Amino acid sequence: MANQTIKLAAIGDVHDRWEAEDEAALKSLGVDLALFVGDFGNESVNIVKLIAEMQIPKAAIMGNHDAWYTATDWGISKCPYDRKKEDWVQQQLDLLGEAHVGYGKLDFLQLNLSVVGSRPFSWGGPGWKNERFYRERYGVESFDQSVDRILDAVDQTETDTILFIGHNGAKGLGDRPEDPCGRDWQPIGGDHGDPDFAEAIVQTRDRGKLVPLAVFGHMHHSLRHTKTELRRPIHVDAAGTVHLNAARVPRIIEQDGDRLRNFSIVTLQDSSVIEASLVWLNQNFEVVQEEILYRSKDAAKAIA
């Protein structure tokens, strides 16, 4: 469809800060699709239920906190519920249903695009972590097998435009601590991106698919090693894919007697990203602050 303009909202790490008002805020922004990059809370079933019930078209992927009491031995030792009777990880997945695209896909034919999820529940980094969890839940035991799972989903998509969502971003976005997936804890520096995510993007392009956007979170904007700068939220790779880190945490704040909430807004035109911004809405759902994160060259020329 020529000259089709699509408005997306990317919602970074929620960490229990999601309310019924957020759906109204998204409607006021006029978004066509909402993309959730996980970390809804520490296996916060009630938060996921709210999001699952949202009527706006959506796709989501789970983060490491969404298996906080399940993926690691430490987490299991802190589990607040009886694991023989309940499985909060599975409850979250069941609530989201097809909207959860970790190792899966969801076609939005009216938008002429498909959303594909990378590895769900990612903790990030170059090493293969949580072996038992991935083996038992997904039958995956290595990065190579993980790439295959992601590409299986790509091969089932019904459109040629692929938007990727991950909890953590792809490897290759920089190794400075201020980079989108840069390590900001000791030892400082290094690329904490997901190698399977990066390889899946490359092989998706090799299949002739367009990949205009990859959205993720996990690596919060506020850095641990310095308070004089923030994490860089945007990276445009050599092939033109815009990588957006949407983890602006906390996403709901109290300020001057008002309640503000943020969303990352991405505008696509003809399967290309033309603008990305971070917006804050007040309790009346008015945009009170907008930070332009990215503009395409054509969009910048048009404004000039």
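Computed from a predicted structure; not experimentally measured.
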- Between the side chains of Gln90 and Asp94, is a donor N or O closer than 3.5 angstrom to an acceptor N or O? yes
- Message: Counting only heavy atoms from other residues, nucleotides and ligands, does the tally under 6.0 Å from NZ of Lys78 exceed 12?
- Response: no
- Task: Taking the side chain as every heavy atom from C-beta outward, state whether Ile162 and Arg205 have any atom pair closer than 4.5 Å.
- Result: no
- Item | CG on Leu95 to CH2 on Trp88, rounded to 0.5 Å | 13.0 Å
- Message: I'd like to check Glu286 versus Asn282 (side-chain heavy atoms, cut-off strictly below 4.5 Å). Are they in contact?
- Response: yes
- Message: Taking the side chain as everything from C-beta on, heavy atoms only, tell me whether Leu113 gets closer than 4.5 Å to Phe108.
- Response: yes
- Query: So, do Trp74 and Trp68 have ring centers that fall under 6.0 Å from each other?
  - Reply: yes
- Item | Side-chain touch Ser44/Trp18, heavy atoms, less than 4.5 angstrom | no
- Item | Contact check, side chains of Phe164 and Ile150, non-hydrogen atoms, under 4.5 Å | yes
- Modelled atom types, side-chain donor and acceptor of Asp196 and Ser146, under 3.5 Å: yes
- Message: Keeping Asp66 on the side-chain end and Gly63 on the backbone end, is there a donor-acceptor pair under 3.5 Å?
- Response: yes
- Under 3.5 Å: donor-acceptor pair, side chain of Asp82, backbone of Lys84: yes
- Residue pair Asp191 / Leu173, side-chain heavy-atom distance below 4.5 Å: no
- Atom CD of Glu254: over 12 foreign heavy atoms under 6.0 Å: yes
- Message: Could you check whether any side-chain N or O of Asn168 sits under 3.5 Å from a backbone N or O of His218, counting only pairs where one atom can act as donor and the other as acceptor?
- Response: no
- Query: Going by distance alone, is a donor N or O of one side chain under 3.5 Å from an acceptor N or O of the other, for Ser277 and Glu290?
  - Reply: yes
- Query: In Å and rounded to the nearest 0.5 Å, what is the CG to OG distance from Asp160 to Ser271?
  - Reply: 9.0 Å
- Asp194 versus Ser122, side-chain donor and acceptor atoms under 3.5 Å: yes
- Answer yes or no: is there an ion pair linking Glu19 with Arg261, defined by an N-O contact shorter than 4.0 Å? yes
- Message: Any carboxylate oxygen within less than 4.0 angstrom of a Lys/Arg side-chain nitrogen, looking at Arg176 and Asp179?
- Response: yes
- Working to the nearest 0.5 Å, report the span between CG of Leu50 and CZ of Phe40. 11.5 Å
- Arg132 with Glu136: basic N within carboxylate O range, under 4.0 Å: yes
- Item | Asp184/Arg231 ion pair, N-O < 4.0 Å | yes
- Task: Using a 4.5 Å cut-off on heavy atoms from C-beta on, say whether the side chain of Val37 contacts that of Val215.
- Result: yes
- Message: Please tell me whether Arg248 and Ser222 have a donor and an acceptor in their side chains that are separated by less than 3.5 angstrom.
- Response: no
- Ignoring hydrogens and geometry, is there a side-chain-to-backbone donor-acceptor pair from Thr267 to Lys7 under 3.5 Å? no
- Query: With no hydrogens and no angle check, is any side-chain donor or acceptor of Arg251 less than 3.5 Å from a backbone partner on Asn262?
  - Reply: yes
- Provide the closest heavy-atom pair for Ile61 versus Gly166 in the form atom of the first, atom of the second, distance. CG2-C, 3.6 Å
- Item | Validation row, ring centre Trp128 to ring centre Tyr134 under 6.0 Å | yes
- Task: Answer yes if the side chains of Thr157 and Lys209 hold a donor-acceptor pair under 3.5 Å, and no otherwise.
- Result: yes
- Message: Taking Gln55's backbone N and O only, do any of them form a donor-acceptor pair with Glu23's side chain (distance below 3.5 Å, no angle check)?
- Response: yes
- Aromatic plane relationship, Tyr69 with Tyr81 - under 30° parallel, 30 to 60° tilted, over 60° perpendicular: perpendicular
- Item | Pair Glu43-Thr70, side-chain donor/acceptor within less than 3.5 Å | yes
- For Lys171, does the NZ atom sit with more than 12 other heavy atoms under 6.0 Å from it, leaving out its own atoms? no
- If you draw a 6.0 Å radius around NZ in Lys49, do more than 12 non-hydrogen atoms from other residues or ligands fall strictly inside? no
- Item | Arg149/Asp144 ion pair, N-O < 4.0 Å | no
- Nearest 0.5 Å, what's the CG-CZ distance between Asp13 and Phe216? 10.5 Å
- Item | Heavy-atom side-chain contact between Leu244 and Leu293 under 4.5 Å | yes
- Query: Do we see a donor-acceptor contact under 3.5 Å between the side chains of Asp39 and His167?
  - Reply: yes
- Item | Centroid separation Trp185 to His192 less than 6.0 Å | yes
- Message: Walk me through whether Thr5 and Leu268 qualify under side-chain contact (heavy atoms from CB on, under 4.5 Å).
- Response: CA-CA 6 Å; Thr5 300; Leu268 290 93; over 6 Å; no
- When rounded to the nearest 0.5 Å, the distance separating CD of Gln110 from CD1 of Ile6 is 8.5 Å
- Approximate separation, where rounding is to 0.5 Å, of Glu178 CD and Thr228 OG1: 8.0 Å
